[in-house]
Colleague: 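Got a structure for you, questions after.
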Amino acid sequence: MSKYSLQKVSELLKDEVSLEKIREIKEQLAKEKSTVDYQLSKESTKNFQDVVVSLEKLNIAQKNVRFLKDKLRDVNTLSEENKSSIDRYEIINNATIIHELIEKTTSIYDKIVNFNDLIEHVEKSLDEELAGDALDTGCPYLLHIHYMLTMARDFHDQSCVLAHISTDDVQRTMQRLFVRLPEIIEKFNKLLESIVYDLIEAVRTENQSLLIRLFKIIDVEEREDIKIIATRHIIETKERETEAAKIRKLPNKISTLNVEELDSTTSQYPSYAALAQEILNGTIQSRTQARGYKEFFFKEIKKSIQDMFVEVRKTYDGDKKFEVLNNLDWVFNELIIAKTHLSKYCPSHWQIFHKYYQYYYEELNKLIQELVYSEPETIIILDILDYDKSFQNTLKKDFGFTKDQLQSVIGDKEKETLLKDYLNLIVSKMQEWFGNLTKTEIQIFMERTTPPHTDSEGLLFLDGTKTCFQMFSQQVEVAAGSGQAKILVGVVEKFCAQLAQRQKKWMDAIGIEVKKCIEYNHKFEENPESVTKDDESAGGLVEYLVAIANDQMKAADYAVAISQKYGSMVSKVHERAISNNIEHTLDGFAEVAKCSSMGLITLMFDDLRKPYTQIFSKTWYTGNQAQQIADTLYEYLGDIKSQMNPFVYSTLVESVIEETILRFIECLKYEHSFKSKNNKFLECMKRDFEVFYKLFVQFVPEEEKGIIDDKFKLMEFFMDFCCGPADGIMETWQQCLEVYWDCPVLLLAAILKCRKDVDSSSTKSMVASAQRLAQSPQRLSQAKARDADPTFISRFQLT
């Protein structure tokens with residue numbers, strides 16, 4: 001078995017359960033083997049067929065090579081037989097060469113004599129064509145002009161080569177003969193340039209004849225260029241081999257200088273002599289070097305497109321430069337014509353549409369990059385990105401581009417820069433907006449010169465949250481409209497970051513104002529005359545804290561709505577990013593709401609400092625401290641109920657219940673000894689918690705009464721700890737840990753310290769045992785496994 005097979009079997013047979021399912025595993029492996037066998041068979045068949053086809057082609061190629069060899073052998077045999085069968089072959093051959101040379105010389109003479117007439121005729125035809133508009137006239141003499149000019153240029157090329165191996169006088173004569181030719185060529189190029197410049201317009205005016213003749217000229221030029229380039233290469237190779245053979249035959253005593261001189265005389269390949277020989281032999285019958293009209297053709301197309309974009313820049317200059325984004329549809333119109341019409345009239349290997357696309361893309365890319373680097377505003381950035389998306393969609397829909405062929409007209413690097421610029425601008429504006437908004441609303445909160453607003457349900461609220469999310473929604477809507485998922489996610493992320501900062505500032509402001517209010521109250525109670533204007537705390541803090549808590553619920557609703565609406569517009573990855581940012585923000589709103597509630601609770605229980613200090617004291621047994629506490633809480637809770645969001649209010653009431661119990665138990669810090677005689681302590685405990693229970697049932701809905709029972713369960717344990725038999729305390733502690741898993745041992749130690757019937761030695765022993773139970777690794781790991789939340793008693797402290 002292979003290493004992979006052993007590994008696969010070992011993974012499947014991990015334990016005894018796997019052994020019991022061995023039949024299922026066997027069937028699974030059989031199915032996998034069947035699938036693999038099918039895939040191997042399919043691939044093998046395909047590869048075998050490819051091999052068969054390749055072998056057939058190879059056999060055909062071998063037959064063709066053998067056939068060609070046989071024919072070449074026959075040609076060579078016939079040549080040898082002809083030479084040997086004809087008497088005095090060499091004399092006849094030389095005479096034939098001389099005769100051909102005389103004919104060529106006569107032909108050259110005739111061409112020289114008639115050359116000026118030819119030039120005159122070509123120039124006259126060119127002037128007639130250049131005098132009118134090519135699209136209007138259709139250039140009827142275009143092919144005739146090209147034919148005559150080609151004759152003249154071919155004669156020029158061959159004559160110049162032959163003149164180079166002749167005398168200086170011949171060379172000067174040739175220069176005078178061809179002096180007008182460059183000017184004629186320039187005129188012809190201008191004519192072609194004007195036609196190429198209007199190629200697309202020629203299609204629109206249905207001037208197909210002109211297009212076909214133009215393309216025919218370029219096609220002929222391309223073919224002739226390919227032919228002469230190949231011919232020159234052959235001549236060059238042959239000449240190099242000849243020169244190399246000469247160098248090998250030089251005497252050994254030849255100096256290095258002579259070799260260098262020889263190299264310098266043959267440094268230009270092919271030489272004029274070699275070219276002249278091929279002209280005389282008839283191998284070269286037209287041009288002697290490439291003329292590059294195909295390159296000229298595409299260069300002029302590119303230049304015409306560049307000129308169009310120069311005009312575009314002139315039209316959309318200065319303040320209007322960004323308007324160009326809404327006026328570029330003509331580019332696709334031009335490309336459509338190139339794809340559906342021009343490509344029909346020219347050779348397919350030119351790929352004229354792709355050339356047009358390449359040139360237009362280059363110019364569009366330059367234009368868009370100029371806009372990118374001109375530091376556009378946010379709305380313009382979105383317009384640029386929207387154009388880029390539209391550009392790619394059009395290429396895909398109307399031109400059949402695949403995903404791999406699509407290009408960003410902005411450029412990948414510039415697109416990333418643009419996205420960053422947009423987000424940086426948004427962040428800058430957001431910081432300004434949020435800074436001003438937060439500064440204003442926190443100032444209003446601290447001054448509290450006017451009460452909060454009241455909505456149709458009687459709930460208090462402030463203006464800031466609504467304004468904040470109006471800004472948020474506007475920017476997210478704009479970002480979503482851009483169709484750029486990265487921008488949408490980026491805007492949500494940046495806004496959420498700003499919201500987090502705003503949340504922190506609110507919590508800091510709440511802490512400052514609550515602290516200031518309490519310090520003012522304390523100072524006023526101690527000595528009213530010592531209070532200065534700087535110490536004063538504006539009224540209405542409770543109402544404002546209620547309004548702030550309500551606003552967090554509204555903010556959470558707004559945020560969830562944004563997440564649901566815009567998360568569905570993007571891919572799963574981006575949707576997850578939006579959800580994560582919004583969820584983090586929701587946690588922040590919950591923290592601010594909790595901060596507001598805790599501020600309210602702090603104010604409530606600061607008013608109850610005095611009655612709480614008397615709990616467990618001598619006056620407590622006959623006093624009504626619990627009733628005072630209940631009355632004050634009733635007043636607070638009653639006033640707040642109609643003004644606060646129901647959900648926030650329910651959490652506030654729950655926190656007030658917890659705080660009431662905690663503050664009550666924390667009175668152990670005064671170390672009053674329990675009066676257990678005649679169950680006096682127990683009866684007072686029952687009295688107080690009956691008062692508290694009657695208070696809270698008024699503010700908790702019937703279906704949620706279990707909350708009170710859950711919280712008051714602690715008081716049952718508390719009374720058992722305080723009044724139960726000493727030998728049952730550890731059992732009660734164990735039961736307490738089952739309900740309140742994180743109950744601090746400090747609570748039990750404080751209770752034992754107040755019990756007269758438990759000495760210090762027993763206290764130490766029981767506290768040590770309680771500590772061991774509380775810190776039991778098994779118990780703590782179980783709590784961790786069920787992900788248990790901290791209970792409110794964990795906040796118990798004696799400071």
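Just so it is clear, the values below take in all heavy atoms, side chains as well, and ignore hydrogens, waters and symmetry mates.
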Colleague: Provide the full list of ring-ring contact (aromatic ring centres under 6.0 Å, His included) pairs with a residue in residues 769-799, sequence neighbours left out, each pair given once.
Modeller: none

Colleague: Taking all heavy atoms of Val745 and all of Ala774, pick out the closest pair and write down the distance.
Modeller: CG2-CB, 4.0 Å

Colleague: In terms of the angle between their ring planes, are Tyr612 and Phe605 parallel, tilted or perpendicular, with boundaries placed at 30° and 60°?
Modeller: tilted

Colleague: Evaluate the salt bridge (Lys or Arg N to Asp or Glu O under 4.0 Å) criterion for residues Arg609 and Asp606: first the C-alpha distance (whole Å), next the side-chain angles of each, then the deciding distance (0.1 Å), finally the verdict.
Modeller: CA-CA 5 Å; Arg609 294 191 318 279; Asp606 184 67; 3.1 Å; yes

Colleague: Could you give the distance from CD1 (Ile518) to CG (Asp607), rounded to the nearest 0.5 Å?
Modeller: 9.0 Å

Colleague: After noting the C-alpha distance and the side-chain angles of Phe589 and Leu586, does the key distance pass the side-chain contact (heavy atoms from CB on, under 4.5 Å) rule?
Modeller: CA-CA 5 Å; Phe589 292 136; Leu586 293 177; 4.3 Å; yes

Colleague: May I ask you to decide whether Glu441 forms a salt bridge with Lys505, counting only side-chain N to carboxylate O separations under 4.0 Å?
Modeller: no

Colleague: Report the relative orientation of the aromatic rings in Tyr670 and His672; use parallel for angles under 30°, tilted for 30 to 60°, perpendicular for over 60°.
Modeller: tilted

Colleague: Looking at the rings of Phe692 and Phe689, which for Trp means the six-membered one, are their centres under 6.0 Å apart?
Modeller: yes

Colleague: What is the distance from atom NZ of Lys415 to atom CD1 of Ile384, rounded to the nearest 0.5 Å?
Modeller: 12.0 Å

Colleague: Between Glu702 and Lys705, does any NZ, NE, NH1 or NH2 come within less than 4.0 Å of an OD or OE carboxylate oxygen?
Modeller: yes

Colleague: Once you round to the nearest 0.5 Å, how far does SG of Cys684 lie from CZ of Phe681?
Modeller: 8.5 Å

Colleague: To the nearest 0.5 Å, tell me how far Gln503 CD sits from Cys496 SG.
Modeller: 9.0 Å

Colleague: Mind telling me whether Phe721 and Trp733 have parallel, tilted or perpendicular rings, with 30° and 60° as the class edges?
Modeller: tilted

Colleague: Which heavy atom of Ile380 sits nearest to which heavy atom of Phe322, and what is that distance?
Modeller: CG2-CD2, 3.2 Å

Colleague: With sequence neighbours excluded, what pairs up with Glu457 under the side-chain contact (heavy atoms from CB on, under 4.5 Å) test?
Modeller: Asp455, Leu459

Colleague: Is a donor on one side and an acceptor on the other found under 3.5 Å between the side chain of Trp620 and the backbone of Thr613?
Modeller: no

Colleague: Test your reading of the model: is there a side-chain donor-acceptor pair from Arg663 to the backbone of Thr660, 3.5 Å cut-off?
Modeller: no

Colleague: Of all heavy-atom pairs between Ser374 and Lys321, which one has the smallest distance, and what is that distance?
Modeller: CB-NZ, 3.4 Å

Colleague: Between Phe717 and Tyr740, how do the two ring planes meet: parallel, tilted or perpendicular, split at 30° and 60°?
Modeller: perpendicular

Colleague: Decide side-chain contact (heavy atoms from CB on, under 4.5 Å) for Phe696 and Val656; before the verdict, give the C-alpha distance in whole Å, the side-chain angles of both, and the deciding distance to 0.1 Å.
Modeller: CA-CA 9 Å; Phe696 294 128; Val656 169; 3.9 Å; yes

Colleague: Taking atom types as modelled, find out whether Tyr621 and Glu683 have a side-chain donor-acceptor pair closer than 3.5 angstrom.
Modeller: no

Colleague: Sub-3.5 Å donor-acceptor pair from the side chain of Ser642 to the main-chain atoms of Gly638, do we have one?
Modeller: no

Colleague: Residues in ring pair (Phe, Tyr, Trp, His ring centres under 6.0 Å) with His453, at least two apart?
Modeller: Phe461

Colleague: Determine yes or no for a side-chain-to-main-chain donor-acceptor pair under 3.5 angstrom, with Thr632 supplying the side chain and Gln628 the backbone.
Modeller: yes

Colleague: Could you pull out all donor-acceptor pairs under 3.5 Å where a side-chain atom in residues 707-716 meets a protein atom, sequence neighbours excluded?
Modeller:
residue, atom, partner, partner atom, Å
Asp709, OD1, Tyr693, OH, 3.3
Lys711, NZ, Glu654, OE2, 3.2
Lys711, NZ, Glu658, OE2, 2.6
Lys713, NZ, Glu716, OE1, 3.4

Colleague: To the nearest 0.5 Å, how far apart are CD1 in Ile487 and CD in Gln475?
Modeller: 11.0 Å

Colleague: May I have the step-by-step check of side-chain contact (heavy atoms from CB on, under 4.5 Å) for Asp383 and Asn326, ending in yes or no?
Modeller: CA-CA 9 Å; Asp383 287 343; Asn326 299 319; 5.6 Å; no

Colleague: List the atom of Ala593, the atom of Gln552, and the distance in Å for their closest heavy-atom pair.
Modeller: N-CG, 3.7 Å

Colleague: Looking only at non-hydrogen atoms, find the nearest pair between Ala626 and Val691 and report the distance.
Modeller: O-CG1, 3.9 Å

Colleague: Find the distance between CG (Leu748) and CD1 (Ile729) and round it off to the nearest 0.5 Å.
Modeller: 6.5 Å

Colleague: Got a sec, which residues hit ring pair (Phe, Tyr, Trp, His ring centres under 6.0 Å) with Phe472, two or more places apart in sequence or on another chain?
Modeller: Phe469, Phe495

Colleague: So Leu608 and Leu633, do their side chains get closer than 4.5 Å, heavy atoms only?
Modeller: yes

Colleague: Among residues at least two apart in sequence or on other chains, which ones pass side chain to side chain donor-acceptor pair (under 3.5 Å) with Glu323?
Modeller: none

Colleague: What I want to check is whether the side chains of Gln627 and Asp631 have a donor and an acceptor closer together than 3.5 Å.
Modeller: yes

Colleague: For residues 576-601, which residue pairs qualify under side-chain hydrogen bond (donor to acceptor under 3.5 Å, both in side chains), counting only residues two or more places apart or in two chains?
Modeller: none

Colleague: Strictly distance-based, threshold 3.5 Å: is any side-chain N or O of Asp551 a donor or acceptor partner for the main-chain N or O of Leu462?
Modeller: yes

Colleague: Output every pair passing side-chain hydrogen bond (donor to acceptor under 3.5 Å, both in side chains) with a member in residues 423-433, not counting sequence neighbours, ordered by first then second residue.
Modeller: none

Colleague: Name every donor-acceptor pair, under 3.5 Å, that has one atom in a side chain of residues 541-550 and the other anywhere in the protein, sequence neighbours excluded.
Modeller:
residue, atom, partner, partner atom, Å
Tyr544, OH, Thr450, O, 2.4
Asn550, OD1, Asn645, N, 2.7
Asn550, ND2, Leu460, O, 2.8
Asn550, ND2, Val546, O, 3.4
Asn550, ND2, Gln643, O, 2.8

Colleague: Let's go through Ile661 and Ile793 carefully: what are the C-alpha distance in whole Å and the side-chain angles of both, what is the deciding distance for side-chain contact (heavy atoms from CB on, under 4.5 Å) to 0.1 Å, and is it a yes or a no?
Modeller: CA-CA 9 Å; Ile661 296 172; Ile793 192 57; over 6 Å; no

Colleague: Give the ring-plane orientation class for Phe718 versus Phe674, where under 30° counts as parallel, over 60° as perpendicular and anything between as tilted.
Modeller: perpendicular

Colleague: Please check: side-chain N/O of Glu666 versus main-chain N/O of Gln797, any donor-acceptor pairing under 3.5 Å?
Modeller: yes

Colleague: Between Ser537 and Arg448, what is the shortest heavy-atom contact and its length?
Modeller: OG-NH2, 3.5 Å

Colleague: Applying side chain to side chain donor-acceptor pair (under 3.5 Å), name anything that partners Glu690, two or more places apart in sequence or on another chain.
Modeller: Lys694

Colleague: Check side chain to side chain donor-acceptor pair (under 3.5 Å) between Gln470 and all other residues, then give those that pass, not counting sequence neighbours.
Modeller: none

Colleague: I need the full list of side-chain hydrogen bond (donor to acceptor under 3.5 Å, both in side chains) pairs touching residues 773-785, with sequence neighbours left out, sorted by first then second residue.
Modeller: none

